[in-house]
Amino acid sequence: MTIKLELTLSELDILVTSMDSEVEIQQSFIGDKEEDEYDRKLYEETKALMHKLDKRLLKEREANE
């Protein structure tokens with residue numbers, strides 16, 4: 001299922017920054033002795049989404065220059 005959202009460039013920037021912080025927090029659990037399968041899966045999915053949004057942000061910034 002795909003959901004389309006309308007975001008301003010500023011909102012997308014805030015979202016990418018927030019995702020980056022979230023990835024850093026989740027990364028702290030990776031490799032920990034208490035790491036479980038869910039931690040790894042959530043980290044990988046969040047990191048992939050952050051990269052996808054970051055690429056889109058860069059593309060939109062270039063288009064608006």
> Report the C-alpha distance between Leu57 and Leu9 in whole Å, list the side-chain angles of each, state the deciding distance to 0.1 Å, and finish with yes or no for side-chain contact (heavy atoms from CB on, under 4.5 Å).
CA-CA 7 Å; Leu57 176 61; Leu9 194 54; 3.6 Å; yes

> Tell me whether Asn64 contacts the main-chain N or O of Glu60 through its side chain, where contact means a donor paired with an acceptor under 3.5 Å.
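Yes; at least one donor-acceptor contact below 3.5 Å.
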
> Kindly say whether Thr8 contributes a backbone atom to a donor-acceptor pair with the side chain of Glu11 at under 3.5 angstrom?
yes

> Once you round to the nearest 0.5 Å, how far does CG of Asp39 lie from CD of Glu37?
10.5 Å

> Of all heavy-atom pairs between Leu7 and Leu15, which one has the smallest distance, and what is that distance?
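Distance-wise, the nearest heavy atoms are CD1-CD2, 4.2 Å.
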
> Decide salt bridge (charged side-chain N to carboxylate O under 4.0 Å, His left out) for Glu65 and Arg61; before the verdict, give the C-alpha distance in whole Å, the side-chain angles of both, and the deciding distance to 0.1 Å.
CA-CA 6 Å; Glu65 287 182 345; Arg61 280 184 178 163; over 6 Å; no

> Find the distance between CD (Gln27) and NZ (Lys47) and round it off to the nearest 0.5 Å.
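NZ of Lys47 is found 6.5 Å from CD of Gln27.
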
> Are Leu58 and Met19 in one and the same hydrophobic cluster, where Ile, Leu, Val, Met, Phe, Trp and Tyr link if side-chain heavy atoms are under 4.5 Å apart?
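Leu58 does not cluster with Met19.
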
> Do Leu49 and Tyr43 sit in the same hydrophobic cluster, where Ile, Leu, Val, Met, Phe, Trp and Tyr count as joined when their side-chain heavy atoms come under 4.5 Å apart?
yes

> Hey, quick one: are Val23 and Ile14 part of the same hydrophobic cluster, counting side-chain heavy atoms closer than 4.5 Å, chains of contacts allowed?
no

> Could you grab the distance from atom OG1 of Thr17 to atom CE of Met50, nearest 0.5 Å is fine?
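Output value for this atom pair is 10.0 Å.
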
> Roughly how far, to the nearest 0.5 Å, is CG of Leu53 from CG of Asp13?
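Spacing of CG (Asp13) from CG (Leu53) equals 11.5 Å.
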
> Please determine whether side-chain contact (heavy atoms from CB on, under 4.5 Å) holds for the pair Asp20 and Val16, giving the CA-CA distance in whole Å, both sets of side-chain angles, and the decisive distance to 0.1 Å.
CA-CA 6 Å; Asp20 188 43; Val16 169; 5.5 Å; no

> Checking side-chain polar atoms at under 3.5 Å, does Thr46 have a donor or acceptor matched by the opposite partner on Gln26?
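Present: a donor and an acceptor within the cut-off.
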
